[in-house]
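Structure, as structure tokens:
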Amino acid sequence: MAINKMPRITFQAHSQAGDDCWHSVVISLLRGLAAIEVAAAHLRADVYPGMRTVVDPSIWFKGFTFATGFAHHAVLVFFVISGWLVGGSLLDKIRQPNAIASYAIDRVTRLWTVLMPTFVLTLLFGFATGIVDAQDVDFHLANDYSAVVFGANLVGLQTIAVPAFGGNFPLWSLANETWYYILFPLLVVLLRAPGRVLRVACGATLLVLAALLPAAIVGYFVIWLLGVAFSRIRIECSTGQRTGWLILVAALWAYYRLTGDMNAFTLANLLPDLGCSLVFLVLLSSLQFKAAATSRLRPRLTRIGSFFAEFSFSLYVLHVPLIGLLQHWTLKRWGLRELSPHEPLHFALYLAMLATLLVGAYLSYRLFESHTYQIRRLLKRMLLQRPARTPVAPTFRAD
């Protein structure tokens with residue numbers, strides 16, 4: 001009987017990239033699935049009664065509630081994948097000229113190209129449903145639709161100094177992301193910069209930010225950093241060992257889904273989230289190998305994953321305003337304030353609403369997010385590329 005060898009761990013100087021690697025395929029699939037899971041979970045919570053309030057719930061409704069209850073884990077996947085892709089990419093390019101400036105442009109365009117039109121759409125939806133009156137748009141911090149809250153949400157201050165714009169509560173995670181985008185280059189410069197003054201300045205800034213930011217944001221930065229670290233780790237193991245890691249990931253997520261209070265990213269949940277993240281990242285690192293050239297499955301999964309990953313960010317930030325618009329329409333059209341867990345037709349309506357969220361997010365992606373790279377290239381050309389100097393003809397002094 002053959003005995004499986006121990007997994008072999010290799011540390012890589014650069015992160016592996018390319019659609020021909022299995023981990024890239026899985027990352028694309030997970031980005032899309034995680035965004036759909038978050039949207040499905042929030043839609044279910046908004047249009048269906050809570051499980052504990054349903055008298056004699058059916059088996060299918062229990063399964064449906066369970067399956068749409070992994071929004072917490074989906075956001076956790078976003079954090080570790082963000083660290084893997086964003087942090088890993090910066091490490092790959094850190095020795096290039098203007099690496100930090102280029103990184104800053106990449107991050108700002110990534111966020112603002114989606115957030116700014118989303119906030120405008122949120123405001124328009126508010127006008128359309130009567131939630132917002134034109135006179136309510138002011139500069140007050142307590143007003144979810146104020147101009148100050150609009151601007152503060154663009155720089156990651158939601159849930160820290162101001163509310164989420166338009167009551168769009170999933171934006172809390174973008175506050176985490178924004179500050180991780182700032183903290184990580186400071187940490188990189190602190191560890192790699194040759195000048196002592198620059199290192200001291202970065203270290204002092206990190207300490208100040210760690211003291212001022214909420215403890216949960218700082219704590220979950222450790223999980224984001226794990227994503228960066230594992231982008232450099234390749235684990236070679238057998239298919240059986242890889243399957244074991246997959247089963248362990250599923251078991252841990254199901255266990256915490258059933259037994260834990262996984263609705264908040266607090267310090268109380270940091271330890272179990274750290275464990276889930278580690279196991280998931282071990283699995284992901286074990287997939288850092290190229291698919292066989294003859295594989296038929298990999299190209300199909302790549303196309304599916306790329307399609308849904310492309311508009312996953314738009315879906316994440318836009319689904320709550322769209323849910324509010326759909327609820328207003330169903331109430332006005334059919335008088336439905338809440339769907340019944342005992343009516344199969346209502347479940348069909350839920351699926352139609354979920355499909356509408358996907359279509360709406362995809363249209364928003366096509367209109368706005370799909371132009372991110374063009375905007376990014378334009379800004380880099382304007383801000384980073386120095387114009388070539390026109391050679392000056394030499395002058396000769398006549399003797």
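- A salt bridge links E369 with R110: the distance from a Lys NZ or Arg NE/NH1/NH2 to an Asp or Glu carboxylate oxygen falls below 4.0 Å.
- Annotation: cation-pi geometry not satisfied between R232 and F11 (NZ/CZ under 6.0 angstrom from ring centroid, within 45° of ring axis).
- In terms of heavy-atom proximity, P7 sits nearest to I235 at CB-CG2, 3.9 Å.
- No hydrogens or angles considered: a donor-acceptor pair under 3.5 Å links the side chains of Y316 and S173.
- Remark: aromatic rings of W329 and W334 are close, center separation under 6.0 Å.
- Ring to ring, H72 and F265 are close: their centroids are under 6.0 angstrom apart.
- Counted within 6.0 Å of CH2 on W245, heavy atoms from surrounding residues, nucleotides or ligands total 12 or fewer; the atom is thus considered open.
- Not one N or O on the side chain of T53 forms a donor-acceptor pair closer than 3.5 Å with the backbone of P49.
- In this structure, the ring of F184 has its center no less than 6.0 angstrom from the ring center of F221.
- Following chains of ILVMFWY side-chain contacts shorter than 4.5 Å, one can reach L191 starting from L209, so the two form part of one hydrophobic cluster.
- In this structure, a donor-acceptor pair under 3.5 Å is present between the side chains of E177 and S82.
- Taking the six-membered ring where tryptophan is involved, the planes of Y365 and Y362 are tilted, since the angle between them lies from 30° to 60°.
- Heavy atoms only, all atoms of each residue included: W22 and K290 are closest at CD1-C, 4.3 Å.
- Applying side-chain contact (heavy atoms from CB on, under 4.5 Å) to F165 and the options T118, T122, L115, D144 leaves one that passes, T122.
- Across every non-hydrogen atom of A74 and A34, the tightest pair is CB-O, 3.5 Å.
- Aromatic ring centres of F64 and Y48 lie closer together than 6.0 Å.
- In the model, R376 has a side-chain atom that pairs as donor or acceptor with a side-chain atom of T109 under 3.5 Å.
- Both F307 and L85 belong to a single network of hydrophobic side chains, linked directly or stepwise wherever heavy atoms of I, L, V, M, F, W or Y lie under 4.5 Å apart.
- A donor-acceptor pair shorter than 3.5 Å can be found between the side chains of Y220 and D273.
- Distance alone, capped at 3.5 Å, is enough to place a donor-acceptor pair between the Q241 side chain and the S238 backbone.
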